[in-house]
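Here the structure is laid out as structure tokens; the discussion comes afterwards.
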Amino acid sequence: MKVRRTLVAAGSLLAVAVLVRCLPTVGQQSDWDVRGNYDLAYDNQLTLKLDLAGAVREATASGYGKVVDFGTYNGQPLTLDLSAFCAKPEVVCPGESLWKKVAIDEDDVTKAQNVHGVQVVNNEQRDLPLGEKAQTLGGLVAREELGRYQLLVGLGGSGGASGNCAALGISLAGGRFTHAGEETVRSTAFRTPSGKACGFDGGFPALDAGDAGDAEPCQAVEVSRIEYPEGATVNGIAEGRIFVGYLGACAFGPIVAAATLTIETGFTGNRTGAFDPPPFTPAEPVTIDPSDAGQAEPPDAALAEPPDATLAEPPDAAVVEISDAGARD
């Protein structure tokens with residue numbers, strides 16, 4: 001049986017931007033409390049990318065039963081039988097990288113802070129043999145913007161594989177925690193072409209590039225905002241993406257040894273109850289750099305308040321702003 005690991009968010013996944021300011025004072029319910037047991041479902045709509053010296057070839061597949069054709073390289077055909085590839089004992093494909101049932105614990109949940117450590121535990125088998133403990137990985141739940149909480153766990157080099165078929169450091173998975181009663185509201189915001197807040201909602205005047213040297217223009221854009229009632233509890237995971245990278249030699253042999261193959265798919269999660277895992281050993285704390293997966297840069301430090309700063313009185317409803325890009329269907 002292959003050892004499976006949990007990964008949570010990236011590459012063409014969603015961007016996780018962690019602000020360095022404190023959250024509002026804890027009220028009746030902490031909306032960052034993500035503890036619980038979750039059932040996960042995968043769409044198995046795969047996006048595959050083969051990076052050959054910076055030239056990326058892309059293909060898609062529905063499920064793992066397809067033979068994917070990436071053309072030729074130095075006269076050699078580059079075809080990948082997904083079924084045979086994922087059947088290798090040393091390979092962990094995205095559809096088996098995240099367990100179908102997980103239990104998520106959270107560190108320091110009573111503290112109002114932007115980043116909390118989490119433990120993601122394999123909850124598929126609850127009656128373990130004496131002395132055996134469930135697999136687990138450490139990760140982070142990070143507050144991207146008010147009310148928006150991202151789960152991020154890195155896989156790099158784990159998954160029971162070694163050598164060419166070990167999951168690379170770019171291997172991640174991620175998703176947005178959803179809250180009971182949330183709804184999506186469209187509104188207008190001010191952003192630069194790179195996505196940074198500007199204008200009145202960014203706390204400083206709009207600047208034209210010609211007026212401020214290298215400054216970016218500020219423009220009004222339509223965005224989607226997620227709103228949910230104050231005290232709403234976390235009830236699932238949306239916009240989930242799993243992203244696993246391998247050395248090209250794992251899939252195609254030495255002819256493309258320096259290449260990188262990535263496979264990406266989507267998932268959702270439904271919170272089924274309180275945190276109730278089988279016995280497990282907590283994983284080591286992790287440090288994840290979102291830029292390792294080609295994610296967007298965090299907001300300009302000038303927009304963040306000092307770590308000991310506190311926010312004004314929390315609004316009646318927690319509000320989060322997200323881009324229109326979202327996750328793929």
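Everything numeric in this text was worked out from a predicted model, so none of it was measured.
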Full working for side chain to side chain contact (heavy atoms under 4.5 Å, CB included) between Leu140 and Leu151: CA-CA 6 Å; Leu140 303 172; Leu151 179 64; over 6 Å; no
Nearest non-hydrogen partners of Phe275 and Pro277, listed with the distance: CZ-CG, 3.3 Å
Nearest-0.5 Å distance that lies between atom CG in Asp31 and atom CD in Glu182: 11.5 Å
Close side-chain approach of Pro193 to Gln219, heavy-atom, < 4.5 Å: yes
Whether Arg176 side chain and Glu239 backbone form a donor-acceptor pair below 3.5 Å: no
Stepwise side chain to side chain donor-acceptor pair (under 3.5 Å) test for Gln45 and Thr60: CA-CA 7 Å; Gln45 299 302 305; Thr60 59; over 6 Å; no
Heavy-atom side-chain contact between Val244 and Leu168 under 4.5 Å: no
Gln76 side chain to Tyr73 backbone, donor-acceptor under 3.5 Å: no
Those residues that, when tested against Asp105, pass side-chain hydrogen bond (donor to acceptor under 3.5 Å, both in side chains) (two or more places apart): none
Short N-O contact, Lys100 and Glu124, less than 4.0 angstrom: no
Atom pair CD1 (Ile263) and CG (Leu46), whose distance is rounded to the nearest 0.5 Å: 7.0 Å
Side chain to side chain contact (heavy atoms under 4.5 Å, CB included) between Arg241 and Glu264, worked out: CA-CA 7 Å; Arg241 303 300 297 173; Glu264 179 184 350; 3.0 Å; yes
Closest heavy-atom pair and its distance - Cys93, Tyr64: CB-CE2, 3.9 Å
Thr265 and Asp43 side chains, donor-acceptor separation under 3.5 Å: yes
Expected output: side-chain Arg126 to main-chain Asp276 donor-acceptor under 3.5 Å: yes
Side chain to side chain donor-acceptor pair (under 3.5 Å) between Asn235 and Thr178, intermediate numbers included: CA-CA 6 Å; Asn235 62 2; Thr178 59; 2.6 Å; yes
From NZ (Lys49) to OG1 (Thr262), nearest 0.5 Å: 6.5 Å
Donor-acceptor contact present, side-chain Thr136 to main-chain Val120, <3.5 Å: yes
Closest non-hydrogen atom pair between Val91 and Cys250, with its separation: CG2-SG, 3.8 Å
Intermediate values then yes/no, side chain to side chain contact (heavy atoms under 4.5 Å, CB included), Leu78 and Ile255: CA-CA 9 Å; Leu78 296 177; Ile255 60 172; 3.7 Å; yes
Stepwise side chain to side chain contact (heavy atoms under 4.5 Å, CB included) check, Leu52 with Thr260: CA-CA 7 Å; Leu52 288 164; Thr260 300; over 6 Å; no
Beyond-backbone contact of Tyr149 with Val234, side-chain heavy atoms, under 4.5 angstrom: no
Tyr246/Phe85 aromatic ring centres below 6.0 Å: yes
Positive for side chain to side chain donor-acceptor pair (under 3.5 Å) with Lys101, one of Asn123, Asn37, Asp39: Asp39
Carboxylate-amine/guanidinium proximity below 4.0 Å for Lys111 and Glu106: no
Val56 vs Leu50 side-chain heavy atoms within contact, under 4.5 Å: no
Asp81/Lys66 ion pair, N-O < 4.0 Å: no
Side-chain (His116) to main-chain (Asp108) donor-acceptor, under 3.5 angstrom: yes
Gap separating the CZ atom of Arg143 from the CG atom of Asn114, nearest 0.5 angstrom: 5.0 Å
Within-4.5 Å side-chain heavy-atom neighbours: Phe190 and Val221: no
Flag side-chain contact, heavy atom, 4.5 Å: Asn270 against Tyr38: no
Polar contact flag, side-chain donor to acceptor under 3.5 angstrom, Glu58-Thr47: no
Any donor-acceptor pair under 3.5 Å from Gln119 side chain to Ala283 backbone: yes
Any side-chain heavy-atom pair of Phe177 and Gln150 under 4.5 Å: no
Minimum heavy-atom distance Pro229-Ala180, with the two atoms named: CD-O, 3.7 Å
Aromatic ring pairing Phe267/Tyr42, orientation class (parallel under 30°, perpendicular over 60°, tilted between): tilted
Closest non-hydrogen atom pair, Ala61 against Leu82: CB-CD1, 3.9 Å
Closest non-hydrogen atom pair between Ala220 and Thr188, with its separation: CB-CG2, 3.8 Å
Test item: Leu261 and Leu80 side chains (from C-beta on) under 4.5 Å apart, heavy atoms: yes
Inter-residue atom distance His179.NE2 - Thr233.OG1, 0.5 Å rounding: 7.5 Å
